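Scroll down for the structure; my scribbles are underneath it.
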Amino acid sequence: MEPISKLTPSQKPGFDVSTVRRDFPALSLKVHGKPLVYLDNAATTQKPQSVLDALSRYYTEECSNIHRGIHLLSERASQDYEEARLKVQRFLNANRPEEIIFVKGTTEAINLVAQSYGRTELRQGDEIIISAMEHHSNIVPWQMLCEQTGAVLRVIPITDTGELSFGGFGRLLNARTKFVAITHVSNALGSINPVKRIIEMAHEQGVPVLIDGAQAVPHQKIDVQALDCDFYAFSGHKLYGPTGIGILYGKTELLDKMPPYQGGGDMISSVTFEKTTYNKLPYKFEAGTPNIAGAIGLGAAIDYVMKVGQATISTYESKLLLHAISSLSEVALLRQIGTAKERAGVVSFTLGDIHPHDIGTILDREGIAIRTGHHCAQPVMARFKVPATCRASFSFYNTMEEVDALVSALERVKKVFH
Ligand SMILES: Cc1ncc(COP(=O)(O)O)c(C=O)c1O
């Protein structure tokens with residue numbers, strides 16, 4: 001059978017998880033002699049063959065630098081790199097390709113905005129609002145900016161179920177607020193935040209909003225124009241693409257005004273020792289040789305996701321998550337951390353007094369890969385008064401049977417400890 005990546009959507013027989021799984025070579029791996037059950041998708045996803053092929057094709061058939069060469073290989077690579085930008089533009093429904101900046105990942109995208117927009121626009125006493133459920137990469141860049149500018153960080157509290165306190169946000173928003181940076185989906189709790197409403201409320205005060213979409217983009221269709229966000233950041237490797245590539249979307253009028261984040265080749269228009277003028281968007285923000293293979297690989301990942309179908313992915317993953325939530329709630333001593341009504345991709349939990357690392361180690365011996373620890377969200381751990389959690393995170397290539405395997409393995413873990 002042709003891999004699904006080669007089929008047009010109309011040729012596809014509907015969603016069949018076993019067909020999709022065949023497109024991902026890593027899913028046939030054995031770990032400690034057991035079939036791999038990969039439930040660490042919030043950390044990174046496995047890659048379909050079409051992405052591996054796109055990377056290999058770049059390195060074997062068109063390996064060259066972009067934008068500068070007049071030879072054929074360079075022309076091909078430049079074309080494929082720019083084609084990838086167009087794919088991201090369509091994927092996010094951005095207005096223009098210039099609004100798509102290739103960066104290393106979500107982390108670099110947020111640092112870019114903090115250092116370029118933040119350092120020019122924020123002053124002593126200005127306030128930046130984030131939430132208590134942010135990944136460290138949407139906390140630390142803003143703290144660094146506060147140290148540099150004298151701005152102040154304000155934090156929206158979260159409820160016992162792991163939802164943003166809307167009243168809390170309303171109370172924090174005031175005339176001193178100059179920026180809001182919020183995660184779309186929490187990597188530690190799975191909560192989906194009502195970002196459209198947050199953006200509307202911030203815009204009523206004239207405040208720009210950055211959305212950290214690292215955990216949202218793999219699970220739902222994102223339309224940056226419908227959201228009306230000012231910036232949107234995500235990482236390629238969590239969307240079935242390569243590591244070391246990610247996207248910063250920004251509205252043209254903001255990006256245009258922002259100074260470059262890094263200086264070097266490709267981001268200039270002319271250089272003399274007296275004065276350097278900068279290149280136009282998006283190149284102003286892409287100093288040096290970019291991750292060409294990564295961008296092309298991300299383009300292939302987007303093609304793959306679009307062929308499976310984002311609506312299909314969302315529907316299947318919701319069923320998978322519901323199954324996980326309800327079967328895990330049957331496990332005695334298991335406490336789910338984060339029980340928001342709207343959730344995507346993630347179940348975080350503790351099991352009695354067994355340390356999450358011990359649970360993770362035993363599951364690994366059974367071939368089941370989950371994540372244990374603070375998930376780069378230490379304030380979330382503090383909020384729920386736990387040092388760490390176990391986190392199972394799901395993709396459309398996971399099966400109901402894999403969820404059942406997790407549940408049975410947790411019962412065996414309890415027998416080891418009790
Ligand atoms: C919500 C969220 N934001 C940001 C990041 C950082 O992504 P990256 O390490 O790819 O830059 C992650 C990674 O786990 C995340 O889950």
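Residue numbers count from 1 along this sequence. Just so it is clear, the structure is predicted and the values come from calculations on it, not from any experiment. Both ligands and their constituent atoms are indexed starting at 1 by order of listing.
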Test side-chain hydrogen bond (donor to acceptor under 3.5 Å, both in side chains) applied to S348 - qualifying residues, sequence neighbours left out: T389
So which residues, sorted by chain and number, lie with a heavy atom under 4.0 Å of ligand 1? G105, T106, T107, H135, S137, T183, N187, D212, A214, Q215, S235, H237, K238
Are side-chain heavy atoms of D230 and L210 found at a separation under 4.5 Å? no
For F91 and Y249, I'd like to know if the aromatic rings sit close, meaning centre-to-centre distance below 6.0 Å. no
Parallel, tilted or perpendicular: which describes the rings of F179 and Y117, with under 30° parallel and over 60° perpendicular? tilted
What residues, two or more places apart in sequence or in another chain, satisfy side-chain hydrogen bond (donor to acceptor under 3.5 Å, both in side chains) together with D256? none
Per the salt bridge (Lys or Arg N to Asp or Glu O under 4.0 Å) rule, what does the pair list look like for residues 38-47, sequence neighbours excluded? D40-R371, D40-R391
